[in-house]
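What follows is a single structure, written as structure tokens, with notes after it.
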Amino acid sequence: MENYRKHRLDIGISPSIVNLEFRYLKVAFNTAIRWELIAKNPLENINYIKVSQSEQPKYLELEEITTVKNAFKNTGFAQIVEFYLSTGSRLGEALTLTWNDVDFKNNRILIRGINSKGKRNRFIPLKYSPGLKDMLKAMKKREDGKVFGPFDKKGKEQPQWREWWTGRFISKTLTKIGLPWATCHTFRHTFASYLSMAQIPIFTLQKLLGHAQIETTMIYSHLAPEHKDEMMGKLPY
């Protein structure tokens with residue numbers, strides 16, 4: 001596995017992509033352990049590559065967010081894209097969201113652990129997102145209980161989008177508007193990046209994103225150094 005990683009780096013694959021490959025491989029081997037096919041994960045003691053500052057997650061600038069919203073306006077994806085940008089949810093988390101998970105009375109959305117990467121339940125508050133709350137209230141309800149999904153031109157409910165197809169469609173649309181580097185996950189990075197720049201406590205951000213490890217959330221801590229400079233001025237001595 002070390003030789004494989006070296007080969008990937010030698011042919012020009014970025015460290016962040018190689019790390020992502022190893023995460024997937026670790027999950028596959030852990031599944032094989034649960035199925036009693038192997039006794040030990042061969043990647044157990046292999047550490048991830050340290051990612052340089054230039055490899056940090058990219059996020060959308062404000063004008064790019066406007067361009068993205070306009071691009072999806074007439075595609076049937078406007079609402080789910082707005083949801084991704086407003087909640088930082090992962091691709092599959094929005095697709096599996098049901099109306100039972102949306103609590104207008106208590107102003108919160110439940111992201112169920114069974115549908116999330118971290119396997120932990122978490123809540124997204126609606127109190128401070130009136131636009132998102134109004135959008136959800138105005139949406140047409142599906143018979144299958146899912147919040148998001150397609151309808152035909154006559155308003156008839158269609159089968160739910162598949163996760164791989166949704167991600168591919170979003171990526172292709174982003175490429176068409178001049179953002180070939182962006183994917184659906186970029187919406188999550190955008191959500192986290194702007195909250196980080198707004199000086200949201202890192203542990204609060206961890207809870208909102210559903211990260212199991214604080215180290216994962218820390219990748220956003222380098223953003224907007226001018227905010228850190230301002231904090232220095234608040235010392236009482």
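The first residue in the sequence is number 1, and the count goes up from there.
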Neighbour count above 12 (heavy atom, 6.0 Å) for Lys141 NZ: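 Yes.
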Over 12 non-hydrogen atoms of neighbours within 6.0 angstrom of CE in Met139: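 More than 12 heavy atoms, drawn from other residues, nucleotides or ligands, come within 6.0 Å of this atom.
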Do [X] and [Y] share a hydrophobic cluster, counting only Ile, Leu, Val, Met, Phe, Trp and Tyr and linking them when any side-chain heavy atoms are less than 4.5 Å apart?
X	Y	value
Ile33	Trp35	no
Trp181	Phe187	yes
Leu37	Phe29	no
Val27	Val18	no
Phe169	Phe151	no

Treating [X] as the side-chain partner and [Y] as the backbone partner, does any N or O pair qualify as donor plus acceptor under 3.5 Å?
X	Y	answer
Asn30	Asn41	no
Arg188	Leu209	yes
Asp103	Arg108	no
Glu157	Glu143	yes
Thr186	Thr183	yes
Lys140	Gly155	yes

Check whether any side-chain heavy atom of [X] sits under 4.5 Å from a side-chain heavy atom of [Y], and report yes or no.
X	Y	answer
Phe22	Met1	yes
Leu126	Leu136	yes
Leu60	Leu179	yes
Tyr84	Ile170	yes

Taking all non-hydrogen atoms of both residues into account, name the closest pair between [X] and [Y] and its distance.
X	Y	result
Lys146	Leu95	CD-O, 3.7 Å
Arg122	Arg90	NH1-NH1, 3.7 Å
Glu93	Ser89	OE1-CA, 3.4 Å
Leu110	Leu97	O-CD1, 3.6 Å
Pro125	Leu208	CD-CD2, 3.7 Å
Cys184	Leu91	SG-CD1, 3.8 Å

Name all residues meeting the side-chain hydrogen bond (donor to acceptor under 3.5 Å, both in side chains) criterion together with [X]; count only those two or more places apart in sequence or in a different chain, and write none if there are none.
X	result
Lys133	Asn107
Thr31	Arg34
Lys69	Glu82

Shared-cluster residues of Tyr128, by chain and number - hydrophobic side chains joined below 4.5 Å: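 Its cluster mates, by chain and number: none.
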From [X] [atom1] over to [Y] [atom2], what is the distance, rounded to the nearest 0.5 angstrom?
X	Y	atom1	atom2	value
Ile65	Asn70	CD1	CG	12.0 Å
Ile109	Phe123	CD1	CZ	11.0 Å
Arg8	Arg5	CZ	CZ	13.0 Å

Charged N-O contact under 4.0 Å between Asp144 and Arg142: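 Answer for the salt bridge query: yes.
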Basic-acidic side-chain contact under 4.0 Å: Lys58, Glu64: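 Glu64 and Lys58: not salt-bridged.
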Ring geometry between Tyr220 and His189 (parallel below 30°, tilted from 30 to 60°, perpendicular above 60°):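 Correct class here is tilted.
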Pairs flagged by side chain to side chain donor-acceptor pair (under 3.5 Å) wherever residues 158-180 is involved - sequence neighbours left out: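 Non-adjacent pairs meeting side chain to side chain donor-acceptor pair (under 3.5 Å): Asp152-Gln158.
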Qualifying residue, where the test is side-chain contact (heavy atoms from CB on, under 4.5 Å) with His7 and the options are Asp10, Ile11, Asn3: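 The option that passes is Ile11.
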Residue that, paired with Thr217, satisfies side chain to side chain donor-acceptor pair (under 3.5 Å) out of His211, Gln206, Lys207: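 With Thr217 as partner, side chain to side chain donor-acceptor pair (under 3.5 Å) holds for just one option, His211.
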Donor + acceptor pair across side chains of Asp101, Thr98 (<3.5 Å):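 Yes, side-chain donor-acceptor contact under 3.5 Å.
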Qualifying residues under ring-ring contact (aromatic ring centres under 6.0 Å, His included), relative to Tyr194, sequence neighbours excluded: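 Tyr194: ring-ring contact (aromatic ring centres under 6.0 Å, His included) contacts with Tyr59.
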